[in-house]
Asker: 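Got a structure for you, written out below as structure tokens; questions coming shortly.
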Amino acid sequence: MVKIKIIKKAKERELVDINNLISQMSLTKVSPKHITMTEYKEMLNQEHLFFIVAVGKVSKNQEKIIGVLSVYFVKIPTGLIAWSEDLVIDKPYRKWGVGRLLMEVGIKLAHQKRARHLSLRTNPVREEANKLYQAMGFNLVETNFYRFNLFK
């Protein structure tokens, strides 16, 4: 059984699970750096960021975070918008529907807050993720996405 919850307070045990998931995010041989407890607390203290996790039972008395999703809200002149970032599911739990469960909560949250839309981006090589988003009703938007790297 998988439980979905929004984390509000940083706990050391959760951070171990989250850093395990972060290490699975990269498509290159270089994993993203692990976050510290200080960074984790700063992240959770952001008023407009919602850190949604999937918790699974790994033994009779032990649970762990098996999936994460960040959803954040930004008020701009044309209204409130929501962005979804960093959806990742622990490898042994992929194809269990955990990603869908997390995204459903993200969509519900965006709807409750009356955001104009919920946007996300994903690498085209992440075929399973792209199939999931399209199956859930996300539309592929033809756009130019630019990034200016501030630190090289």
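Values in this document were obtained by computation on a predicted structure and should not be read as measured data. Numbers for residues simply follow the sequence, beginning at 1.
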Asker: Are any non-hydrogen side-chain atoms of Arg114 and Leu80 less than 4.5 angstrom apart?
Answerer: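 No, too far: nothing below the 4.5 Å cut-off.
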Asker: Quick one: do Leu101 and Leu118 end up in the same hydrophobic cluster if we chain Ile, Leu, Val, Met, Phe, Trp and Tyr together by side-chain heavy atoms under 4.5 Å apart?
Answerer: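 Same hydrophobic cluster.
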Asker: Could you tell me if the side chain of Ser84 sits less than 4.5 Å from the side chain of Leu69, heavy atoms only?
Answerer: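 SC-SC contact between Leu69 and Ser84 confirmed.
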Asker: So which residues get pulled into Phe145's cluster when ILVMFWY side chains under 4.5 Å apart are joined, directly or through others?
Answerer: none
Asker: For residues Leu49 and Ser70, report the shortest heavy-atom separation together with the two atoms involved.
Answerer: CD1-CB, 4.0 Å
Asker: Treat each ILVMFWY residue as a node, draw an edge where side-chain heavy atoms are under 4.5 Å apart, and state whether Ile66 and Ile4 are in one component.
Answerer: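 Linked, Ile66 and Ile4 end up in one cluster.
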Asker: Hey, does the side chain of Arg100 reach the backbone of Leu132 with a donor-acceptor pair shorter than 3.5 angstrom?
Answerer: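 No, the answer is negative, given that no donor and acceptor are paired below the 3.5 Å cut-off.
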Asker: Check the hydrophobic clustering (I, L, V, M, F, W, Y; side-chain heavy atoms under 4.5 Å; chains of links allowed) and say if Val2 and Phe50 are grouped together.
Answerer: yes
Asker: Answer yes or no: is there a side-chain heavy-atom contact under 4.5 Å between Lys41 and Lys9?
Answerer: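 They are not in side-chain contact.
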Asker: Minimum heavy-atom separation for Val98 to Ala54, with atom names?
Answerer: CG1-CB, 3.4 Å
Asker: I need the Glu42 CD to Met37 CE distance, nearest 0.5 Å.
Answerer: 12.5 Å
Asker: For the CD atom of Gln46 and the OH atom of Tyr72, what is their distance to the nearest 0.5 Å?
Answerer: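 Answer for the CD-OH pair, Gln46 versus Tyr72, is 10.5 Å.
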Asker: Could you tell me the separation between the CG atom of Leu102 and the CD atom of Glu104, rounded to the nearest 0.5 Å?
Answerer: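 The distance works out to 9.5 Å.
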Asker: Check whether any side-chain heavy atom of Met1 lies under 4.5 Å from a side-chain heavy atom of Lys57, and answer yes or no.
Answerer: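 No, too far: nothing below the 4.5 Å cut-off.
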Asker: Just by distance, do the side chain of Glu85 and the backbone of Leu120 share a donor-acceptor pair under 3.5 Å?
Answerer: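 Between the backbone of Leu120 and the side chain of Glu85 there is no qualifying donor-acceptor contact (under 3.5 Å).
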Asker: For Ser23 versus His34, what's the shortest heavy-atom pair and its separation?
Answerer: CB-NE2, 4.0 Å
Asker: So do Trp83 and Phe73 actually touch side chain to side chain, heavy atoms under 4.5 Å?
Answerer: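 With C-beta onward as the side chain, the pair stays apart.
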Asker: Would you call Lys64-Glu14 a salt bridge at under 4.0 Å N-O?
Answerer: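 Result for this pair is no, no salt bridge flagged.
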Asker: Could you tell me if the side chain of Gln24 sits less than 4.5 Å from the side chain of Asp90, heavy atoms only?
Answerer: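 The answer is yes; the side chains approach within 4.5 Å.
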Asker: Kindly compute the distance separating CG (Leu21) from NZ (Lys91), expressed to the nearest 0.5 Å.
Answerer: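 Here the interatomic distance stands at 11.0 Å.
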Asker: Check whether any side-chain heavy atom of Lys33 lies under 4.5 Å from a side-chain heavy atom of Glu39, and answer yes or no.
Answerer: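 Side-chain contact under 4.5 Å: yes.
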Asker: Spell out, as yes or no, whether a donor-acceptor pair under 3.5 Å connects the side chain of Asn130 to the backbone of Asn123.
Answerer: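 Confirmed, Asn130 side chain pairs with Asn123 backbone.
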Asker: Please report the shortest heavy-atom distance between Ala82 and Val71, naming the atom on each side.
Answerer: CB-CG1, 4.5 Å
Asker: Counting only heavy atoms not in His117, do more than 12 fall under 6.0 Å of its NE2?
Answerer: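 For His117, atom NE2 is crowded (more than 12 foreign heavy atoms under 6.0 Å).
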Asker: Does any non-hydrogen side-chain atom of Asn19 lie less than 4.5 Å from one of Tyr40?
Answerer: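 Of all side-chain heavy-atom pairs linking Asn19 with Tyr40, none is under 4.5 Å.
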Asker: Applying a strict under-4.5 Å side-chain criterion to I, L, V, M, F, W and Y, I'd like to know whether Tyr93 and Ile52 cluster together.
Answerer: yes
Asker: Would you mind listing the cluster partners of Leu150? Hydrophobic ones only (ILVMFWY), side-chain contacts under 4.5 Å, chaining allowed.
Answerer: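 Phe148, Phe151, which link up through side-chain heavy atoms under 4.5 Å apart, make up the rest of the cluster.
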Asker: Run Arg94 and Glu128 through salt bridge (Lys or Arg N to Asp or Glu O under 4.0 Å) and show every step you take.
Answerer: CA-CA 10 Å; Arg94 292 181 186 167; Glu128 292 301 315; over 6 Å; no
Asker: Using atom types as modelled and distance alone, determine if a side-chain donor or acceptor of Gln134 lies under 3.5 Å from a backbone N or O of Lys131.
Answerer: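 Checked: no pair found.
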Asker: Do Leu87 and Trp96 belong together in a cluster built from hydrophobic side chains that touch within less than 4.5 Å?
Answerer: yes
Asker: If I take atom CD1 from residue Ile89 and atom CD1 from residue Ile65, how far apart are they, to the nearest 0.5 angstrom?
Answerer: 11.5 Å
Asker: Are there over 12 heavy-atom neighbours, none belonging to Gln112, within less than 6.0 Å of that residue's CD?
Answerer: yes
